[in-house]
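One structure is given here, and the rest of the page talks about it.
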Amino acid sequence: MKPIISKLPDLKTSIFSTMNALAREHDAINLAQGFPNFEPDVHLKSLVNKAIQEGYNQYAPMEGIFSLREIIAEKIEALYGAKYHPETEITITAGATQALFTAITTFVRPGDEVIVLKPAYDCYEPAIIANGGIPILVQLRDPLYEVDWDVFRSCITEKTKMVIINTPHNPSGGILRREDLKELEKSLRDSNIIVLSDEVYEHIVFDGQKHFSMSGDKDLASRSMVCASFGKTFHSTGWKMGYCAAPDTLMKEFRKIHEFNVFCVNHPIQRALATYLIKQEHYLDLNSFYQAKRDLFLEGIAGSRFRFTPSRGTYFQLLDYSDISEESDIELSRRLTIERGLASIPISIFNCSGMDHKQLRFCFAKTTDTLKKAVDILQTV
(Lines give C-alpha, C1' and ligand atoms only; values in the text may rest on other atoms or scores of the structure.)
Protein backbone atom coordinates (compact mmCIF):
# COMPACT_ATOMS: atom_id res chain seq x y z
CA MET A 1 0.00 0.00 0.00
CA LYS A 2 1.33 3.44 -0.91
CA PRO A 3 1.83 6.04 1.82
CA ILE A 4 -1.36 7.91 2.67
CA ILE A 5 -1.42 11.52 1.56
CA SER A 6 -3.05 13.48 4.37
CA LYS A 7 -5.68 16.11 3.65
CA LEU A 8 -4.39 17.99 6.69
CA PRO A 9 -0.63 17.35 6.69
CA ASP A 10 0.23 20.40 8.80
CA LEU A 11 -2.46 19.93 11.43
CA LYS A 12 -1.05 20.14 14.94
CA THR A 13 -2.51 18.87 18.19
CA SER A 14 -5.30 21.21 19.29
CA ILE A 15 -4.32 23.77 21.93
CA PHE A 16 -7.42 22.66 23.83
CA SER A 17 -6.20 19.06 23.95
CA THR A 18 -2.73 20.24 24.96
CA MET A 19 -3.87 22.53 27.78
CA ASN A 20 -6.52 20.14 29.05
CA ALA A 21 -3.95 17.36 29.29
CA LEU A 22 -1.53 19.70 31.07
CA ALA A 23 -4.26 20.79 33.49
CA ARG A 24 -5.08 17.15 34.33
CA GLU A 25 -1.42 16.27 34.75
CA HIS A 26 -0.86 19.09 37.26
CA ASP A 27 -4.31 19.05 38.85
CA ALA A 28 -4.79 22.67 37.79
CA ILE A 29 -7.98 24.73 37.82
CA ASN A 30 -9.10 24.53 34.21
CA LEU A 31 -10.18 27.89 32.80
CA ALA A 32 -8.83 26.88 29.40
CA GLN A 33 -11.49 25.05 27.41
CA GLY A 34 -14.92 26.64 27.13
CA PHE A 35 -17.22 24.41 29.10
CA PRO A 36 -19.18 25.03 32.32
CA ASN A 37 -18.22 23.03 35.41
CA PHE A 38 -21.82 23.07 36.62
CA GLU A 39 -24.84 21.04 35.57
CA PRO A 40 -27.68 21.90 33.18
CA ASP A 41 -31.06 22.82 34.63
CA VAL A 42 -32.51 19.80 36.46
CA HIS A 43 -35.81 20.44 34.68
CA LEU A 44 -34.14 20.09 31.28
CA LYS A 45 -32.48 16.86 32.35
CA SER A 46 -35.82 15.55 33.61
CA LEU A 47 -37.39 16.33 30.22
CA VAL A 48 -34.67 14.26 28.52
CA ASN A 49 -35.30 11.36 30.91
CA LYS A 50 -39.04 11.69 30.29
CA ALA A 51 -38.53 11.47 26.52
CA ILE A 52 -36.40 8.35 26.96
CA GLN A 53 -39.03 6.70 29.14
CA GLU A 54 -41.74 7.61 26.63
CA GLY A 55 -39.88 5.71 23.92
CA TYR A 56 -38.27 8.40 21.77
CA ASN A 57 -35.15 6.30 21.37
CA GLN A 58 -35.02 5.58 17.63
CA TYR A 59 -34.06 7.75 14.69
CA ALA A 60 -35.44 11.25 14.58
CA PRO A 61 -36.33 12.80 11.22
CA MET A 62 -33.22 13.73 9.24
CA GLU A 63 -33.90 17.48 9.48
CA GLY A 64 -34.95 17.30 13.16
CA ILE A 65 -38.35 16.95 14.80
CA PHE A 66 -40.83 19.54 13.57
CA SER A 67 -41.85 20.79 17.03
CA LEU A 68 -38.26 21.78 17.80
CA ARG A 69 -37.73 23.45 14.44
CA GLU A 70 -41.01 25.29 14.89
CA ILE A 71 -40.10 26.70 18.32
CA ILE A 72 -36.66 27.71 16.99
CA ALA A 73 -38.33 29.60 14.14
CA GLU A 74 -40.56 31.38 16.66
CA LYS A 75 -37.52 32.25 18.80
CA ILE A 76 -35.62 33.72 15.85
CA GLU A 77 -38.59 35.79 14.75
CA ALA A 78 -39.19 37.08 18.28
CA LEU A 79 -35.54 38.08 18.74
CA TYR A 80 -34.52 39.28 15.28
CA GLY A 81 -37.73 39.78 13.30
CA ALA A 82 -36.70 37.17 10.74
CA LYS A 83 -39.03 34.49 9.44
CA TYR A 84 -37.67 31.02 8.72
CA HIS A 85 -39.97 28.25 7.57
CA PRO A 86 -39.48 25.39 10.06
CA GLU A 87 -40.09 22.78 7.38
CA THR A 88 -37.48 23.91 4.86
CA GLU A 89 -35.14 26.44 6.49
CA ILE A 90 -34.05 25.00 9.86
CA THR A 91 -32.05 21.81 10.47
CA ILE A 92 -31.08 20.31 13.84
CA THR A 93 -27.40 19.38 14.00
CA ALA A 94 -24.96 17.47 16.19
CA GLY A 95 -23.65 20.69 17.70
CA ALA A 96 -22.55 23.87 15.96
CA THR A 97 -19.22 22.36 14.86
CA GLN A 98 -21.04 19.81 12.73
CA ALA A 99 -23.24 22.57 11.30
CA LEU A 100 -20.17 24.64 10.41
CA PHE A 101 -18.33 21.68 8.85
CA THR A 102 -21.41 20.65 6.89
CA ALA A 103 -21.92 24.17 5.55
CA ILE A 104 -18.28 24.42 4.45
CA THR A 105 -18.39 20.96 2.87
CA THR A 106 -21.63 21.84 1.07
CA PHE A 107 -20.39 24.94 -0.69
CA VAL A 108 -16.58 25.03 -0.76
CA ARG A 109 -14.88 23.35 -3.72
CA PRO A 110 -11.17 23.03 -4.53
CA GLY A 111 -9.67 26.43 -5.22
CA ASP A 112 -12.48 28.41 -3.59
CA GLU A 113 -11.38 31.14 -1.19
CA VAL A 114 -12.94 31.58 2.25
CA ILE A 115 -12.30 34.73 4.28
CA VAL A 116 -11.63 34.02 7.97
CA LEU A 117 -11.35 36.80 10.55
CA LYS A 118 -8.48 36.17 12.97
CA PRO A 119 -8.19 35.34 15.81
CA ALA A 120 -10.58 32.55 14.92
CA TYR A 121 -11.91 29.41 16.54
CA ASP A 122 -9.74 26.54 15.38
CA CYS A 123 -12.32 24.41 13.54
CA TYR A 124 -12.78 26.76 10.58
CA GLU A 125 -9.51 26.49 8.68
CA PRO A 126 -9.11 22.67 8.81
CA ALA A 127 -12.62 22.25 7.39
CA ILE A 128 -11.84 24.67 4.56
CA ILE A 129 -8.54 22.95 3.73
CA ALA A 130 -10.03 19.44 3.94
CA ASN A 131 -12.49 20.48 1.24
CA GLY A 132 -9.80 21.91 -1.01
CA GLY A 133 -10.56 25.52 -0.17
CA ILE A 134 -8.09 28.29 0.57
CA PRO A 135 -8.40 30.23 3.85
CA ILE A 136 -7.85 33.96 3.36
CA LEU A 137 -6.90 35.29 6.78
CA VAL A 138 -7.77 38.81 7.91
CA GLN A 139 -6.42 39.95 11.28
CA LEU A 140 -8.80 41.90 13.51
CA ARG A 141 -7.49 45.21 14.88
CA ASP A 142 -6.27 45.69 18.45
CA PRO A 143 -7.20 46.37 21.16
CA LEU A 144 -10.91 45.50 20.75
CA TYR A 145 -10.50 43.08 17.84
CA GLU A 146 -12.53 45.12 15.37
CA VAL A 147 -12.83 44.51 11.63
CA ASP A 148 -10.90 46.79 9.30
CA TRP A 149 -13.49 46.78 6.53
CA ASP A 150 -11.17 48.31 3.96
CA VAL A 151 -8.72 45.45 4.49
CA PHE A 152 -11.62 43.00 4.42
CA ARG A 153 -12.85 44.32 1.07
CA SER A 154 -9.34 44.19 -0.38
CA CYS A 155 -9.33 40.42 0.22
CA ILE A 156 -12.47 39.74 -1.82
CA THR A 157 -11.72 38.25 -5.25
CA GLU A 158 -13.62 36.43 -7.96
CA LYS A 159 -12.63 33.22 -6.14
CA THR A 160 -14.23 34.20 -2.82
CA LYS A 161 -16.98 31.68 -2.09
CA MET A 162 -17.63 32.27 1.60
CA VAL A 163 -16.98 34.54 4.56
CA ILE A 164 -16.99 33.14 8.12
CA ILE A 165 -18.32 35.51 10.78
CA ASN A 166 -18.31 34.82 14.53
CA THR A 167 -20.29 37.04 16.89
CA PRO A 168 -20.20 37.18 19.89
CA HIS A 169 -16.57 36.43 19.18
CA ASN A 170 -14.45 33.61 20.54
CA PRO A 171 -11.72 34.15 21.70
CA SER A 172 -11.84 37.94 22.14
CA GLY A 173 -15.28 38.33 23.74
CA GLY A 174 -16.12 41.10 21.27
CA ILE A 175 -19.39 41.60 19.39
CA LEU A 176 -20.22 43.01 15.97
CA ARG A 177 -22.15 46.27 15.96
CA ARG A 178 -25.02 47.26 13.67
CA GLU A 179 -22.50 49.36 11.73
CA ASP A 180 -20.39 46.26 11.13
CA LEU A 181 -23.31 44.42 9.60
CA LYS A 182 -23.92 47.39 7.31
CA GLU A 183 -20.28 47.28 6.23
CA LEU A 184 -20.49 43.53 5.64
CA GLU A 185 -23.66 43.91 3.57
CA LYS A 186 -22.05 46.69 1.53
CA SER A 187 -18.92 44.59 1.00
CA LEU A 188 -20.85 41.60 -0.34
CA ARG A 189 -23.50 43.46 -2.35
CA ASP A 190 -23.87 42.26 -5.95
CA SER A 191 -21.90 39.09 -5.19
CA ASN A 192 -22.83 35.44 -4.66
CA ILE A 193 -20.64 35.11 -1.57
CA ILE A 194 -22.14 33.02 1.22
CA VAL A 195 -21.91 34.13 4.87
CA LEU A 196 -21.34 31.35 7.40
CA SER A 197 -22.26 32.93 10.73
CA ASP A 198 -21.16 31.25 13.96
CA GLU A 199 -23.51 32.67 16.60
CA VAL A 200 -23.21 30.05 19.34
CA TYR A 201 -22.95 32.72 22.07
CA GLU A 202 -25.96 34.72 20.84
CA HIS A 203 -27.61 34.64 24.29
CA ILE A 204 -24.50 35.75 26.20
CA VAL A 205 -24.07 39.51 25.71
CA PHE A 206 -23.31 42.00 28.48
CA ASP A 207 -23.87 45.54 29.74
CA GLY A 208 -27.18 46.04 27.96
CA GLN A 209 -25.67 45.55 24.53
CA LYS A 210 -27.46 43.68 21.77
CA HIS A 211 -26.51 40.71 19.65
CA PHE A 212 -26.91 41.56 15.97
CA SER A 213 -27.61 38.33 14.11
CA MET A 214 -27.18 37.85 10.37
CA SER A 215 -30.82 36.72 10.54
CA GLY A 216 -31.87 40.23 11.52
CA ASP A 217 -30.61 41.87 8.33
CA LYS A 218 -32.76 40.99 5.32
CA ASP A 219 -29.97 41.26 2.76
CA LEU A 220 -27.45 39.33 4.83
CA ALA A 221 -30.01 36.71 5.87
CA SER A 222 -30.64 35.92 2.20
CA ARG A 223 -27.05 34.68 1.85
CA SER A 224 -26.32 33.43 5.37
CA MET A 225 -26.05 30.06 7.08
CA VAL A 226 -26.56 30.86 10.78
CA CYS A 227 -25.23 28.25 13.22
CA ALA A 228 -26.23 28.06 16.89
CA SER A 229 -25.56 25.83 19.89
CA PHE A 230 -27.86 24.46 22.58
CA GLY A 231 -24.78 23.15 24.37
CA LYS A 232 -23.40 26.65 24.91
CA THR A 233 -26.82 28.04 25.80
CA PHE A 234 -27.94 25.39 28.26
CA HIS A 235 -24.64 24.33 29.92
CA SER A 236 -24.64 20.95 28.15
CA THR A 237 -21.71 21.00 25.75
CA GLY A 238 -21.38 17.21 25.94
CA TRP A 239 -24.81 16.71 24.39
CA LYS A 240 -23.57 18.15 21.05
CA MET A 241 -26.85 19.75 20.01
CA GLY A 242 -27.26 22.73 17.71
CA TYR A 243 -28.99 23.93 14.59
CA CYS A 244 -28.54 25.80 11.34
CA ALA A 245 -30.98 28.35 9.87
CA ALA A 246 -30.78 29.46 6.25
CA PRO A 247 -32.90 30.31 3.20
CA ASP A 248 -34.42 27.24 1.58
CA THR A 249 -32.16 27.43 -1.47
CA LEU A 250 -29.09 27.10 0.76
CA MET A 251 -30.67 24.71 3.24
CA LYS A 252 -31.69 22.29 0.48
CA GLU A 253 -28.02 21.82 -0.40
CA PHE A 254 -26.93 21.75 3.26
CA ARG A 255 -29.29 18.85 3.97
CA LYS A 256 -27.80 16.79 1.13
CA ILE A 257 -24.51 16.70 3.03
CA HIS A 258 -26.08 16.57 6.50
CA GLU A 259 -28.08 13.45 5.60
CA PHE A 260 -24.97 11.45 4.77
CA ASN A 261 -22.83 13.00 7.48
CA VAL A 262 -24.87 12.27 10.60
CA PHE A 263 -28.36 11.67 9.12
CA CYS A 264 -30.08 12.74 12.35
CA VAL A 265 -29.24 13.73 15.91
CA ASN A 266 -30.24 12.75 19.45
CA HIS A 267 -33.99 12.15 19.49
CA PRO A 268 -34.85 12.36 23.23
CA ILE A 269 -32.85 15.57 23.66
CA GLN A 270 -34.69 17.13 20.72
CA ARG A 271 -38.00 16.28 22.42
CA ALA A 272 -36.80 17.84 25.66
CA LEU A 273 -35.57 21.04 23.99
CA ALA A 274 -38.83 21.48 22.09
CA THR A 275 -40.59 21.74 25.46
CA TYR A 276 -37.86 23.64 27.31
CA LEU A 277 -37.63 26.44 24.71
CA ILE A 278 -41.27 27.39 25.23
CA LYS A 279 -40.22 29.43 28.28
CA GLN A 280 -38.14 32.33 26.92
CA GLU A 281 -36.53 33.03 30.29
CA HIS A 282 -34.51 29.84 29.84
CA TYR A 283 -32.33 31.70 27.34
CA LEU A 284 -33.16 35.38 27.91
CA ASP A 285 -31.86 35.24 31.50
CA LEU A 286 -28.42 34.04 30.41
CA ASN A 287 -27.05 37.56 29.86
CA SER A 288 -27.40 38.49 33.52
CA PHE A 289 -26.38 35.02 34.70
CA TYR A 290 -23.03 35.15 32.91
CA GLN A 291 -22.47 38.87 33.44
CA ALA A 292 -22.52 38.19 37.19
CA LYS A 293 -19.79 35.60 36.67
CA ARG A 294 -17.74 37.93 34.48
CA ASP A 295 -18.03 40.71 37.06
CA LEU A 296 -17.08 38.38 39.91
CA PHE A 297 -13.98 37.34 37.98
CA LEU A 298 -12.93 40.88 37.06
CA GLU A 299 -13.65 42.32 40.51
CA GLY A 300 -11.54 39.52 41.94
CA ILE A 301 -8.47 40.49 39.92
CA ALA A 302 -8.86 44.22 40.56
CA GLY A 303 -5.52 45.53 41.75
CA SER A 304 -3.62 42.70 40.07
CA ARG A 305 -0.96 43.34 37.43
CA PHE A 306 -3.20 42.11 34.60
CA ARG A 307 -4.90 44.63 32.30
CA PHE A 308 -8.20 43.99 30.55
CA THR A 309 -11.20 45.34 28.70
CA PRO A 310 -14.36 43.68 30.03
CA SER A 311 -15.69 41.00 27.72
CA ARG A 312 -18.74 42.19 25.78
CA GLY A 313 -20.04 38.69 25.09
CA THR A 314 -19.32 34.92 25.30
CA TYR A 315 -18.06 33.45 28.58
CA PHE A 316 -14.41 34.28 27.90
CA GLN A 317 -12.23 37.08 29.24
CA LEU A 318 -8.88 38.16 27.81
CA LEU A 319 -6.18 39.28 30.24
CA ASP A 320 -3.17 41.30 29.08
CA TYR A 321 0.02 40.36 30.94
CA SER A 322 2.44 42.69 29.13
CA ASP A 323 3.19 44.49 32.43
CA ILE A 324 4.11 41.17 34.04
CA SER A 325 6.31 39.17 31.69
CA GLU A 326 8.08 39.19 28.33
CA GLU A 327 7.38 35.48 27.88
CA SER A 328 5.35 34.33 24.91
CA ASP A 329 1.72 33.62 25.72
CA ILE A 330 2.35 29.92 25.06
CA GLU A 331 5.22 29.86 27.54
CA LEU A 332 3.29 31.76 30.21
CA SER A 333 0.15 29.66 29.86
CA ARG A 334 2.23 26.51 30.36
CA ARG A 335 4.06 27.98 33.35
CA LEU A 336 0.86 29.17 35.02
CA THR A 337 -0.58 25.70 34.63
CA ILE A 338 2.49 23.86 35.91
CA GLU A 339 3.70 26.25 38.63
CA ARG A 340 0.50 28.01 39.74
CA GLY A 341 -2.14 25.40 38.98
CA LEU A 342 -4.28 27.56 36.65
CA ALA A 343 -4.87 26.68 32.99
CA SER A 344 -5.74 29.22 30.26
CA ILE A 345 -5.45 29.49 26.48
CA PRO A 346 -2.74 31.52 24.66
CA ILE A 347 -4.35 33.80 22.05
CA SER A 348 -1.45 33.73 19.58
CA ILE A 349 -2.62 30.24 18.55
CA PHE A 350 -5.68 31.86 16.93
CA ASN A 351 -3.95 34.87 15.34
CA CYS A 352 -2.36 35.28 11.93
CA SER A 353 1.20 33.93 11.92
CA GLY A 354 1.11 33.36 15.68
CA MET A 355 0.94 37.12 16.38
CA ASP A 356 1.47 37.47 20.14
CA HIS A 357 -0.20 40.38 21.94
CA LYS A 358 0.63 39.02 25.42
CA GLN A 359 -2.91 37.90 26.14
CA LEU A 360 -4.42 34.80 27.72
CA ARG A 361 -8.04 33.67 27.46
CA PHE A 362 -9.87 32.55 30.61
CA CYS A 363 -13.27 30.86 30.68
CA PHE A 364 -15.51 32.19 33.47
CA ALA A 365 -18.34 29.66 32.96
CA LYS A 366 -17.43 28.16 36.30
CA THR A 367 -18.84 27.92 39.80
CA THR A 368 -18.26 30.80 42.22
CA ASP A 369 -15.88 28.64 44.23
CA THR A 370 -13.77 27.84 41.17
CA LEU A 371 -13.63 31.49 40.09
CA LYS A 372 -12.58 32.64 43.55
CA LYS A 373 -9.75 30.11 43.63
CA ALA A 374 -8.66 31.25 40.17
CA VAL A 375 -8.60 34.96 41.06
CA ASP A 376 -6.60 34.21 44.20
CA ILE A 377 -3.94 32.67 41.97
CA LEU A 378 -4.02 35.55 39.49
CA GLN A 379 -3.52 38.05 42.28
CA THR A 380 -0.19 36.43 43.07
CA VAL A 381 1.20 36.56 39.51
Side-chain angles (χ1 to χ4, degrees), residues 44 47-77 82-109 123-124 126-128 130-131 133 161-162 164 194-200 202 213-215 221-234 236-278 283:
L44 178 56
L47 289 172
V48 176
N49 290 332
K50 182 174 182 286
I52 292 171
Q53 295 305 317
E54 290 178 348
Y56 294 107
N57 300 305
Q58 307 309 324
Y59 295 127
M62 177 270 288
E63 61 274 12
I65 65 172
F66 184 79
S67 57
L68 178 55
R69 289 180 285 136
E70 185 176 43
I71 196 70
I72 290 170
E74 292 173 3
K75 176 176 80 78
I76 294 173
E77 184 173 6
K83 293 186 177 181
Y84 289 89
H85 197 296
E87 190 61 62
T88 58
E89 298 184 316
I90 295 174
T91 300
I92 310 303
T93 62
T97 300
Q98 184 248 312
L100 292 162
F101 186 88
T102 298
I104 292 168
T105 302
T106 299
F107 297 107
V108 175
R109 292 180 168 85
C123 78
Y124 305 154
I128 295 165
N131 283 285
K161 175 57 70 71
M162 178 180 284
I164 300 181
I194 294 167
V195 174
L196 180 55
S197 189
D198 179 352
E199 301 183 21
V200 300
E202 63 174 321
S213 172
M214 300 301 128
S215 299
S222 69
R223 65 170 78 239
S224 293
M225 311 286 298
V226 179
C227 301
S229 167
F230 293 118
K232 296 293 192 296
T233 302
F234 297 132
S236 56
T237 58
W239 291 3
K240 296 302 295 177
M241 294 290 294
Y243 64 87
C244 182
D248 57 357
T249 52
L250 298 178
M251 186 56 71
K252 182 179 179 180
E253 299 305 312
F254 178 93
R255 287 180 176 176
K256 291 177 182 179
I257 301 298
H258 172 80
E259 180 173 8
F260 299 104
N261 183 1
V262 296
F263 178 64
C264 67
V265 299
N266 193 294
H267 196 170
I269 296 179
Q270 288 193 57
R271 294 283 166 181
L273 288 168
T275 300
Y276 194 71
L277 282 169
I278 293 172
Y283 50 89

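With sequence neighbours left out, Tyr124 forms a side-chain hydrogen bond (donor to acceptor under 3.5 Å, both in side chains) with Asp198. The side-chain hydrogen bond (donor to acceptor under 3.5 Å, both in side chains) search around Gln98 returns Thr102, His258, not counting sequence neighbours. For Phe260, there are no ring-ring contact (aromatic ring centres under 6.0 Å, His included) partners two or more places apart in sequence or in a different chain. With sequence neighbours left out, the side-chain hydrogen bond (donor to acceptor under 3.5 Å, both in side chains) criterion links Asn131 to Thr105.
Contact of the Phe101 side chain with the Cys123 side chain is not registered, since no non-hydrogen atoms from C-beta on lie closer than 4.5 Å. Proximity of Thr93 to Val262: side-chain heavy atoms (C-beta onward) are nowhere separated by under 4.5 Å. Contact check for Arg271 versus Ile52: no side-chain heavy atoms found under the 4.5 Å cut-off. Met251 is listed as a side-chain neighbour of Cys244, based on a closest heavy-atom distance under 4.5 Å.
Here the side chain of Gln270 pairs a donor or acceptor atom with the backbone of Ile65 at under 3.5 angstrom. At least one donor-acceptor pair closer than 3.5 Å links the side chain of Ser229 to the backbone N or O of Gly231. Side chain of His267 to main chain of Asn57: no donor-acceptor pair is present (N/O by atom type, distance under 3.5 Å, no hydrogens or angles). A side-chain donor-acceptor contact under 3.5 Å links Ser213 to the backbone of Ser215. Between the side chain of Glu199 and the backbone N or O of Val226, no donor-acceptor pair lies under 3.5 Å.
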Test log, rule side chain to side chain contact (heavy atoms under 4.5 Å, CB included), inputs Leu44 and Leu273: CA-CA 7 Å; Leu44 178 56; Leu273 288 168; 4.2 Å; yes
Evaluation steps, ring-ring contact (aromatic ring centres under 6.0 Å, His included), between Tyr283 and Phe234: CA-CA 8 Å; Tyr283 50 89; Phe234 297 132; 7.1 Å; no
Derivation of the side chain to side chain contact (heavy atoms under 4.5 Å, CB included) call for Asn266 and Met241: CA-CA 8 Å; Asn266 193 294; Met241 294 290 294; 3.9 Å; yes
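Applying the salt bridge (Lys or Arg N to Asp or Glu O under 4.0 Å) test to every pair with at least one member in residues 87-109, sequence neighbours left out, gives these pairs: Arg69-Glu87. Here side chain to side chain donor-acceptor pair (under 3.5 Å) pairs that include residues 241-257, with residues two or more places apart or in two chains, are Lys75-Tyr243, Thr91-Arg255, Glu202-Tyr243, Glu253-Lys256.
Looking at every heavy atom in both residues, Pro268 comes nearest to Val48 through CB-O, 4.1 Å. Closest approach of Leu196 to Ala103, counting heavy atoms only: CD1-CB, 3.6 Å. Minimum interatomic distance between Ala246 and Tyr84 (heavy atoms only, all atoms of both residues): N-CE2, 3.6 Å. Closest approach of Leu100 and Cys227 over heavy atoms only: CD2-SG, 3.9 Å.
Here the CG atom belonging to Leu250 is positioned 8.5 Å from the OG atom belonging to Ser224, to the nearest 0.5 angstrom. Put simply, SG on Cys264 and CD1 on Ile92 are 11.5 Å apart, with the number rounded to the nearest 0.5 Å. The CH2 atom of Trp239 sits 11.5 Å away from the CZ atom of Phe230 when rounded to the nearest 0.5 Å. For the atom pair CD1 (Ile164) and CD1 (Ile194), the distance works out to 11.0 Å, reported to the nearest 0.5 Å. To the nearest 0.5 Å, atom CG of residue Leu277 and atom CG of residue Leu68 are 6.5 Å apart. Interatomic distance, CD1 of Ile257 versus CD1 of Ile104, reported as 12.5 Å (0.5 Å rounding).
Residue-environment remark: CD (Glu54) exceeds the threshold of 12 foreign heavy atoms within 6.0 Å.
For Phe107 and Phe254, the distance between ring centers is not under 6.0 angstrom.
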